[in-house]
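Below is one structure, written out as structure tokens; comments come after it.
Note that the coordinates shown come from a computational prediction; the quantities given were computed from them, not determined experimentally. Letters A, B, ... are given to chains in the order of the sequence lines, protein chains preceding strands, and every chain is numbered from 1.
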Amino acid sequence: MGAGLIALYVAAPSSVLAQGVAWAVDRASVTFQVRNAGLAVHGSFGGIEADVCFDPDDPESGSLVASVDPATIETGIEMRNRHLMRRGYFHVEKYGAVVIRSIRLRATGTGYAGTFLLSIRGVERQVEIPFVFDTSGSRARISGSLTLDRRDYGLGKRSLILADEVTVHVALTLVRGAGSRTPQPCATPPGRGAGAHPARDLKADRASVRRSVRTRTARAYLAQRPRSIPP
Amino acid sequence: MRVDWSDRTSPGGRALRLGMLAVLLGAVAIAWSRTDASQPVRQQVIPRVWDEEALRDFSLPLPNTDMQVEHITQEYYYALRERVIHKTYPMYHPDFEPPGYLDSLRALAPASALDTDTIDTEEEWIRAGELVFDAPQLYLPLSRPFFNAAALARANAPVTRDGTFPFQRYVVLENSDVRVGVLACGTCHTRVMPDGSVVKGGQGNYPANRLLAEVVLAIGGEPPLRAHREQFRAPWIDHPSQTMMDTITRTRVAEYFRAVPDGVHTRQGTSPTYPASIPDLRGIRHERFFDATGIMQQRSIGDLMRYAAFNQFVDHLNRYGDFVPSLGNHPGPLPPPDSVTSVVNGPFTRFSDAQAFALAKYLYSLEPLPSPHEYDAETLALGERVFIEEGCVTCHPPPHFTNNELTPAPGFEPPEDHYDRFPIFDVSVETDPGLTLYTRRGTGYYKVPSLRGLWYRDLLFHDGSLSLEQVLDPSRLEDDFVPAGFRGADSPSRAVPGHPFGFELGEREKAALIAYLRTL
């Protein structure tokens, strides 16, 4: 059950002189909810890495790339956590991080929405996520929700008791990049989201989980991205 | 007026055609509805017990070894002598035996209880299967001091309301020879409840190991130790629980046996150090695997028949490299089927396919009994909620309260191909791995058991260590914990790790969960 949904950061788009505004993540929360035998199970992820480049007045100039570590999944029951890390679900030994990256961001009548590519367990699918972005001086808050079918990503099998639909909530508190008082354009390639935050503390049991050397975090994805993306 | 039914336009013709159609449909409906138990079953194909194609993937591989288990051939199996299902008679506790009872039995002629050629309906197959279930495999003279009524009384074997021991029955052979029949399926798989009622197929409470301890001490010489090795030895396993059997004494064997409580048993292929909880057979048709270790699969009724055949000691003819349990180190061919014997139960015999089919039909007819326990709705609602919130429902989902999957024991990593072959819940619940890693019944796994019928089971976990309350008690992780069930021969206390659920529940939630579980 569960699917990582990642921080919504906006990274600079294609050109060397990037547009958008660079943000650093101050706090991040990625939680999910799924029904099991009729009752809601709540969980969360840590190990969030992200890059945000977003101008609320020019959303189409921005981009977001982020990842979350499924080996940090927490559902309140240790054995269930371990089960979800194994091959029937996230299979962390083989697949590593969950990654989301934006294709297009736009304004809507009530906020914003984005088209993203969500990659979980080696499966990449396009998803639509509405989100809100509120600013207050040099700080901002971005939040959004996504409902997906876990089986689309190979997360478990058909079950009489475990629902297929998982709802993921993301909430991020952002500060302007480099602590500047004025909006700064995103650099290319964008640096990683600045600062540690509580959600990045990994579970103590990581020593028992052998990580794949092919773990792809947001930073690794960004390092491989072409420097110039065609408009 | 004559109706022309071929006239599609005439009202009469249409009416007649409709009427004929109605009669035809009614006949079909009646035929379909006649599927009750009184209908003939003989046209069903009785599966062949020793089907080599079915046996190919029937058993799970041994753990942590490349060695393959070699079964006897189909030809060899069917050359074993077929059993006769004799008519049997109740065994009374000495305090309740009617005067002259045994003399009345001596006056009887031997009789067969079962002629499978005359069985026709589902009901008849089930009744026949109950006779097979109760049919002893071994007949002991009354003069033998073991396993007779007096021995069971000394062992405080439970007694039914009518004063009988339902685990064993008398058999009348030629020349008024009345014998004690033992080693029936029902010997171990019959439970006498505190009120004297009988649950056939339930977690048996026959005092098998206490009776065996008497036998081991009373019979001198080598045979008890040869029997011990035939029952339990697995020489490819390099573990103290195995190697100690080569030098064990009869006194020590008896100590191990006395440490095994009723409801748990050192059946063949386990070990005195790692016995197995006697399972509840009611609801067995819904199980994907047999035994706590999931040693054999159930893909059809034929597989249950095969499982029964193996457990009537035919598995003592398995070959594990050069080792054959009934023969020890024996690289050469097996003795001829008509002469191969076991120290444990004498000459090898087998079920006929029809007998095994009847037995399986009977076992399939057994469902867990409805619980007599009553609780208020609020308690049960809370208990069910706890059951879900604590994650129990993930492995124990309704309707059978098992997901029918295998969990790996600590120290066992499933081979890659197992994930395609078997349903594996690939997180260990970390219960003691001994039974599944250090015995002949080992697979490296434990199956997820069904929780139905918990109310009439005493002892839980694969080794019958714990009561239901103790499963949820975190103090069982401490070395000074006293298990309600199996403790081992060397200490009155020991930690019972694994399955760490429910430890942090409050008393109200715990009581509600236990109440809920007792209603399943």
Task: Which residues share a side chain to side chain contact (heavy atoms under 4.5 Å, CB included) with Ala511(B), sequence neighbours left out - done: none
Using atom types as modelled and no hydrogens or angles, find all donor-acceptor pairs between chain A and chain B shorter than 3.5 Å.
residue, atom, partner, partner atom, Å
Arg86(A), NE, Asp426(B), O, 2.9
Arg87(A), N, Asp426(B), OD2, 3.4
Arg87(A), NH1, Glu416(B), OE2, 2.8
Arg87(A), NH2, Glu416(B), OE1, 3.2
Arg87(A), NH2, Glu416(B), OE2, 3.3

Task: Glu124(A) atom CD: more than 12 heavy-atom contacts under 6.0 Å - done: yes
Open item on the list: Can you tell me which portion of Phe501(B) sits under 4.5 Å from chain A's heavy atoms? Options are side chain, backbone, both or neither.
Closed with: side chain
